[in-house]
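One structure is given below, encoded as structure tokens.
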Amino acid sequence: MNVKLTIKWLGMICILAGIARIGMTPTSIIWGTDSPQELTFGFIACILMSVGTIGTYMVQSRETGVTGFITTLAIIIANIVTTAMVWTQFTAGAGATMPEGILVNISRAIMMVGLMGGSLVFAILTFRAKVFPRWVPALLVLMILNLFLPIADNKFFAAFWGIAYVGMGYCVWAGKLNESAAKRAESLSA
């Protein structure tokens, strides 16, 4: 399998991850926050995002460099930690409180720094790289700004996060990248 086809399929994984993440919002509204239905969508989304994010870096690796790699790695690690936290909630049962302790606090810190800080830096790098259309980093920033909306449990945050991933994945899958990136992807497959 060549690199171009691998990157394309990683784009499809991003689309699926985004759809799963979007699914958290209606299930949270219907069945409540941390319901088994919402956690199922979140669990699937975290796993897919951990894999698919690699593709969003690969298409702009030359432009974003080592900082882009570190940022992507931070987002992936945060998604893996989030997957573990969601699994913990599954095993505790519906409606159970999250365990307390130093490990949980460290996990939350990794999630916040990796996901929010990593997404913000990734958005800035993506904007500067000019590989994705300008609306893609705008969606990432909109996702982060959504955290500050005065809505209980940030129920719509997951939808904006998912939309950002669907947008990135669509650009990679459909080849809707700027010309220099498309030429580079073709040269990788040769």
Side-chain angles (χ1 to χ4, degrees), residues 2-22 24-25 45-83 108-149 154 156-190:
N2 64 25
V3 175
K4 184 178 178 184
L5 189 59
T6 302
I7 291 172
K8 186 174 181 171
W9 278 104
L10 287 170
M12 178 53 74
I13 291 172
C14 273
I15 293 170
L16 295 173
I19 292 169
R21 188 66 72 189
I22 291 168
M24 289 179 68
T25 295
C46 285
I47 292 170
L48 293 173
M49 284 181 170
S50 297
V51 175
T53 303
I54 297 165
T56 62
Y57 166 71
M58 289 177 73
V59 296
Q60 57 183 354
S61 60
R62 183 179 299 157
E63 291 82 2
T64 60
V66 174
T67 307
F69 178 74
I70 293 169
T71 302
T72 303
L73 196 58
I75 293 169
I76 291 169
I77 290 170
N79 270 304
I80 291 169
V81 171
T82 304
T83 305
R108 286 182 181 146
I110 290 170
M111 286 172 14
M112 289 306 294
V113 170
L115 291 176
M116 295 306 100
S119 293
L120 180 61
V121 173
F122 189 79
I124 293 167
L125 292 173
T126 299
F127 182 81
R128 291 180 61 202
K130 299 178 184 170
V131 172
F132 284 98
R134 294 293 190 195
W135 54 267
V136 169
L139 285 174
L140 290 167
V141 171
L142 186 63
M143 170 198 73
I144 295 167
L145 291 176
N146 187 268
L147 279 175
F148 301 104
L149 291 178
N154 289 325
F156 295 100
F157 173 73
F160 284 97
W161 191 2
I163 291 168
Y165 264 77
V166 168
M168 288 189 295
Y170 169 74
C171 290
V172 173
W173 174 260
K176 301 288 184 185
L177 304 170
N178 290 334
E179 194 64 33
S180 62
K183 285 181 183 175
R184 189 177 73 246
E186 287 176 16
S187 69
L188 288 174
S189 64

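Values in this document were obtained by computation on a predicted structure and should not be read as measured data. Starting from 1, each residue takes its place in the sequence as its number.
Atom CG of residue Leu145 and atom CG of residue Leu120 lie 9.0 Å apart, to the nearest 0.5 angstrom. Met111 CE to Met116 CE: the interatomic distance, rounded to the nearest 0.5 Å, is 9.0 Å. Between the CG atom in Leu10 and the CD1 atom in Ile15 there is a gap of 11.5 Å [rounded to 0.5 Å]. In this structure, CG in Leu140 is found 11.0 Å from CH2 in Trp161, a value given to the nearest 0.5 Å. If you take CD1 on Ile163 and CG on Asn146, they are separated by 9.5 Å, rounding to the nearest 0.5 Å.
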Worked verdict on Met24 versus Phe156 for side chain to side chain contact (heavy atoms under 4.5 Å, CB included): CA-CA 9 Å; Met24 289 179 68; Phe156 295 100; over 6 Å; no
Step-by-step side chain to side chain contact (heavy atoms under 4.5 Å, CB included) determination, Cys171 to Val136: CA-CA 9 Å; Cys171 290; Val136 169; 3.9 Å; yes
Pair Met58-Val3, side chain to side chain contact (heavy atoms under 4.5 Å, CB included): steps then yes or no: CA-CA 9 Å; Met58 289 177 73; Val3 175; 4.1 Å; yes
Steps toward side chain to side chain contact (heavy atoms under 4.5 Å, CB included) verdict (Asn2, Thr6): CA-CA 6 Å; Asn2 64 25; Thr6 302; 5.6 Å; no
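Thr53 contributes no side-chain N or O that, together with a main-chain N or O of Ile76, makes up a donor-acceptor pair within less than 3.5 Å. A side-chain donor-acceptor contact under 3.5 Å links Arg134 to the backbone of Phe127. At least one donor-acceptor pair under 3.5 Å links the side chain of Asn79 to the backbone N or O of Ile75.
In this structure, Leu139 and Trp135 have side chains that are in contact, with non-hydrogen atoms separated by less than 4.5 Å. Contact check for Val131 versus Thr126: no side-chain heavy atoms found under the 4.5 Å cut-off. Side-chain contact between Ile144 and Ser119: present, with at least one pair of heavy atoms (C-beta onward) separated by less than 4.5 Å. Side chains of Met168 and Phe122 form a contact here, defined as non-hydrogen atoms less than 4.5 Å apart. Under the 4.5 Å side-chain criterion, counting only non-hydrogen atoms from C-beta, Arg21 is in contact with Met49. Looking at Tyr57 and Thr64, their side chains come closer than 4.5 Å, going by heavy atoms from C-beta outward.
Scanning both residues, Phe132 and Asn178, for their nearest heavy atoms gives O-ND2, 3.8 Å. When all heavy atoms are compared, the tightest approach of Leu48 to Ala17 is CB-CB, 3.5 Å. Of all heavy-atom pairs spanning Thr82 and Leu115, the tightest one is OG1-CD1, 3.7 Å. The shortest heavy-atom contact between Ile7 and Val172 is O-CG1, 3.2 Å. In terms of heavy-atom proximity, Lys176 sits nearest to Tyr170 at CE-OH, 3.4 Å. For Val121 against Thr71, the heavy-atom pair with the smallest separation is CG1-OG1, 3.4 Å.
No hydrogens or angles considered: nothing links the side chains of Thr56 and Tyr165 as a donor-acceptor pair under 3.5 Å.
Other residues, nucleotides and ligands contribute at most 12 non-hydrogen atoms within 6.0 Å of the CZ atom of Arg128.
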